[in-house]
Amino acid sequence: MSLRLAFRAALLSGAALAAALPAHAQSRAQDEPTRLDEIVVTAPNYVTTVGESGTKTDAPLTEVPQSVSVISRDQIDLLGWTSLMQAVRYTSGITSENYGPDERYDWLTLRGFNPVQFIDGLQAPTGSVANIGTDLWGFEAVEILKGPSAALYGQSPPGGIVNLTSRRPQTEFGGEIEVLGGNFSQFQLAGDVTGPIAARADGRLTALWRQRDTQLTGVESKRAYIAPALSLDLAPRTDLTLLGYWQDDEVTGDGGGFLPAYGVILPNPLGDVPTSTNLGEPDFNRFDREQGAIGYDLRHAFSDTLTLTQNLKFFTNEAYQTGPYGTGLLDADFDGVPDDYRTVTRSQFAFLEDVDSFAVDTRLNAQFATGVLRHDLLVGLDSRSTDNRQASYFGAAPSIDLFEPVYGATIIEGPLFTFLDQTQDQTGVYVSDQIRFAPGDEGLILSLSGRQDWVDTDNHLTDVQIDDDAFTGRIGLNYVLPGGWAPYAAYATSFQPVAGATFEGELFQPSEGEQFEAGIKYDGRDLPAGIDLFATAAVYALTQTNVLTPDPVPGRPFFNVQTGEVEVKGVELEAVARINDRISLNAAYGYTDSEVTASNGADLGKQLPVTPRHKASLFADYTFQDGPLAGLGVGAGARYMGTAFGDGANAFEIPSVTLVDATIRYDRDDWRLAFTASNLFDKEYLSRCTALTQCFYGTRGLYAVSLSRRF
């Protein structure tokens, strides 16, 4: 049996087991009386003050010496977000949707770098892209760790990581079913059910099916998602949760944007290029992907102060895409001036990527005292093995008219050429200790973390093996004051392996990152009952070294050296609040000053791509809890993105834009009818231009009406 067939069999058996839970628990729900005269719309976990990603323990966020943003399921549901790119819109320091309405991946930039995606604390099988586009419906929370996080997670970019936490089985029966429809022919059916299956066993089944078009002519997207889960109470101190998911994506007709700059960001004498322009072939372009994971979370408490935790997952991710794409306006005499400003040359591109990985993280958490000091010690060992195979084909494709495209051209797809067959094994040993200098929950906390990693990369095509190792760490101080205020300061480092070699054949060393950060957090613990608030303010200075830059020696145009350097400095403000189950607030501001400080290329002294200096956002929502409007909720938000650049040389400036989102809903007797609008006024704007041949419009207005029932 192949790995993917085994995945499917395991997931189907888990789904069948989880689906049995309603019959066991239905009577419990039926016994509860329904009170039609009382409407209370709650979101008990809208504001999250605890997250595991920052310390791999359940430490409060005020005790973590690092900026951490947690986006809860309640926020996701209340604001109607359907993708990870939407969920981070009202978070500081991170930008998204860098390539417009992409149905395949979640394009993110965190403090100037592309964050690596983790699922349940384990790195997802990322290959050519730093994320895998998993559907947001399957997750309970999104945690964003800003700044170097290698001391706990190993190789990762200096900007940070994003961790998604899967929905877990609950001990009480409950669930939700939702039907959604919207513009661009969107239709979605989603469900989630959880509860007891048998004695000491709880199950959960989450599923989704969606079909929709996009703003590009002739593009259709389909997605199926299923995620069974089973929690077992093996012993009084031992819990095991089995987790799995499978997702299938099919996108047809998408030429990937790739619009010429003339008519998008530069003047074109024939007019502006419509945002619906598709330079691919609707009947030929396609993207197919199957991905999944199966594994478990195990927790055993030897005592009240000594706990063993292990997370394990097998991942698989196979994607194939093919079709023509635009390569710029025709310039037959290469004088830099388009021939007719409308004939677009095209190339045919096919790409196959198959990534399988196994990841396991085992850690022992001990709490003890040495004299007047109290320790929360974490000792861990994790390993990850990833097989990545990539093949591609490049060829010619017929030209197309930019303003009046005619589809149906004959496209020749040649054989794929395998250019990467690689296995990478990483092993890391880490130690982290949070040391308290006071007997209570307040006072000074010293956080010390250190990690040693060994990374072996084996290229099976060239028989070249690269062995890297690195030590990373984090040291931080938090002072938790009465009332919930907690100033902090920290220093942290990171590393990432770099593939390739110099002209002399010397293998590249890993890039390295370091960051100084200071700030203050507030958890609102002394506020009046009914008011939940978590706010942060941070300043940071981040540096990445060993960055690749062109070899300055004449005659070496295709070789690089590692003398490049990048600096990013910034200020981030963020607050999330829920007041008396009526008012919800999300506010954020980020100032990011990025600069390439050492380079032999045109990017010297320039800003990092898609990293605006200013980003600000505010969303406010009000729910009526009594009176004739009881159950009605209305919300609106605005998000501002300052000017940025789409390319490293800063030749293409992305204008600033302000977009408005809105939601209206009505809750009654566990039913919800909701309308959500993203980019309410359907503003046309530029998402990114990376070259004269590669421009991408931002996502136009998206409107949806949903009807859901909770039980």
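Considering all non-hydrogen atoms of both residues, Pro655 and Leu686 come closest at CD-CD2, 4.0 Å. In terms of heavy-atom proximity, Gly483 sits nearest to Asp526 at CA-OD2, 3.1 Å. When all heavy atoms are compared, the tightest approach of Asp626 to Arg582 is OD2-NH2, 3.1 Å. Residues Leu618 and Ala587 share a closest heavy-atom pair of CD1-CB, 3.8 Å. When all heavy atoms of Leu61 and Lys521 are compared, the closest pair comes out as O-NZ, 2.9 Å. The two residues Ala59 and Val50 make their nearest non-hydrogen contact at O-CG1, 3.8 Å.
In the model, Gln66 has no side-chain atom that pairs as donor or acceptor with a side-chain atom of Glu517 under 3.5 Å. Asn163 and Ser53 are linked by a side-chain donor-acceptor pair at a separation below 3.5 angstrom, with hydrogens and angles left out of the test. With 3.5 Å as the limit, one finds a donor-acceptor pair spanning the side chains of Thr275 and Arg700. For Ser221 and Arg212, the side-chain atoms include no donor-acceptor pair closer than 3.5 Å. Between the side chains of Thr134 and Gln247, no donor-acceptor pair is found at a separation under 3.5 Å. In the model, Ser656 has no side-chain atom that pairs as donor or acceptor with a side-chain atom of Thr643 under 3.5 Å. For Thr109 and Asn98, the side-chain atoms include at least one donor-acceptor pair closer than 3.5 Å. There is no side-chain donor-acceptor pair under 3.5 Å between Lys615 and Thr592. Of the N and O atoms on the side chains of Asp120 and Ser166, at least one donor lies less than 3.5 Å from an acceptor on the other residue. Judged purely by distance below 3.5 Å, without hydrogens or angles, the side chains of Gln75 and Asn586 pair a donor atom with an acceptor atom. With no hydrogens or angles considered, no side-chain donor-acceptor pair links Thr214 and Glu103 at under 3.5 Å. Neither side chain, Thr82 nor Arg210, offers a donor N or O lying under 3.5 Å from an acceptor on the other.
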>> Please evaluate residues Asp297 and Arg168 with respect to the criterion salt bridge (charged side-chain N to carboxylate O under 4.0 Å, His left out), reporting the C-alpha separation (whole Å), side-chain torsions for both, the decisive distance (0.1 Å), and the verdict.
In response: CA-CA 10 Å; Asp297 290 358; Arg168 301 300 206 269; 2.4 Å; yes

> Where do Thr241 and Ser231 land on the side chain to side chain donor-acceptor pair (under 3.5 Å) test, with the steps shown first?
Replying inline: CA-CA 4 Å; Thr241 299; Ser231 289; 3.0 Å; yes

> When you look at Tyr488 and Ser67, which way does the side chain to side chain donor-acceptor pair (under 3.5 Å) test go after all the steps?
Replying inline: CA-CA 10 Å; Tyr488 72 95; Ser67 292; 3.2 Å; yes

>> Between Phe534 and Asp523, is the side chain to side chain contact (heavy atoms under 4.5 Å, CB included) condition met? List the steps.
In response: CA-CA 4 Å; Phe534 188 78; Asp523 67 3; 4.0 Å; yes

> Tyr591 and Arg613: side chain to side chain contact (heavy atoms under 4.5 Å, CB included), yes or no, with the steps?
Replying inline: CA-CA 5 Å; Tyr591 171 78; Arg613 291 186 184 273; 3.8 Å; yes

>> Using the rule given for side chain to side chain contact (heavy atoms under 4.5 Å, CB included), can you reason through Ser584 versus Leu78, listing the C-alpha separation, both sets of side-chain angles and the distance that settles it, and then say yes or no?
In response: CA-CA 9 Å; Ser584 301; Leu78 188 70; 3.6 Å; yes

>> Checking Thr194 against Arg167 for the side chain to side chain contact (heavy atoms under 4.5 Å, CB included) test, could you report, in this order, the C-alpha distance in whole Å, the side-chain angles of both residues, the deciding distance, and whether it holds?
In response: CA-CA 10 Å; Thr194 185; Arg167 296 192 193 226; over 6 Å; no

>> The test is salt bridge (charged side-chain N to carboxylate O under 4.0 Å, His left out); show your working for Arg710 and Asp670 and say whether it passes.
In response: CA-CA 5 Å; Arg710 292 193 174 185; Asp670 295 322; over 6 Å; no

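Side-chain N or O atoms of Thr206 include none that pairs as donor or acceptor with a backbone N or O of Gly138 at under 3.5 Å. Not one N or O on the side chain of Asp667 forms a donor-acceptor pair closer than 3.5 Å with the backbone of Val41. One N or O on the side chain of Asn278 and one on the backbone of Gly255 form a donor-acceptor pair closer than 3.5 Å. Remark: the backbone N or O of Ser92 is paired with a side-chain donor or acceptor of Lys146 at under 3.5 angstrom.
Between Phe619 and Tyr90, the angle of the ring planes goes over 60°, which puts this pair in the perpendicular group of the 30/60° scheme.
Looking at Thr623 and Arg665, their side chains come closer than 4.5 Å, going by heavy atoms from C-beta outward. At a threshold of 4.5 Å between non-hydrogen side-chain atoms, the residues Asp77 and Glu178 do not count as touching. Looking at heavy atoms from C-beta onward, Leu533 lies in side-chain contact with Tyr522 at the 4.5 angstrom threshold. Put simply, the side chain of Ser678 does not reach to within 4.5 Å of the side chain of Thr699, judged on heavy atoms. At least one side-chain heavy atom of Ile119 sits less than 4.5 Å from a side-chain heavy atom of Ile132. Taking 4.5 Å as the limit, every side-chain heavy atom of Tyr703 sits out of range of all side-chain heavy atoms of Gln186. Between Arg104 and Asp249 there is no side-chain heavy-atom pair separated by less than 4.5 Å. Between Val219 and Asp213 the shortest side-chain heavy-atom distance does not fall below 4.5 Å.
Atom CG of Leu84 sits about 5.0 Å away from atom CG of Leu108, to the nearest 0.5 Å. A distance of 11.5 Å separates CD1 in Ile579 from CG in Asp621, rounded to the nearest 0.5 Å. Rounding to the nearest 0.5 Å gives a distance of 6.5 Å between CG of Leu180 and OG1 of Thr676. How far CG of Leu164 is from CD of Glu140: 12.0 Å, rounded to the nearest 0.5 Å. To the nearest 0.5 angstrom, Trp246 atom CH2 is 12.0 Å from Ile226 atom CD1. Interatomic distance, Arg204 CZ to Leu230 CG, rounded to the nearest 0.5 Å: 13.0 Å.
The pair Arg525-Asp441 fails the salt-bridge criterion, with no side-chain N (NZ, NE, NH1 or NH2) lying under 4.0 Å from an Asp/Glu carboxylate O.
Aromatic ring centres of Tyr622 and Phe624: separated by under 6.0 Å.
For the ring pair (Phe, Tyr, Trp, His ring centres under 6.0 Å) with Phe696, the qualifying choice from Phe652, Tyr99, Trp107, Tyr685 is Tyr99, the only one to do so.
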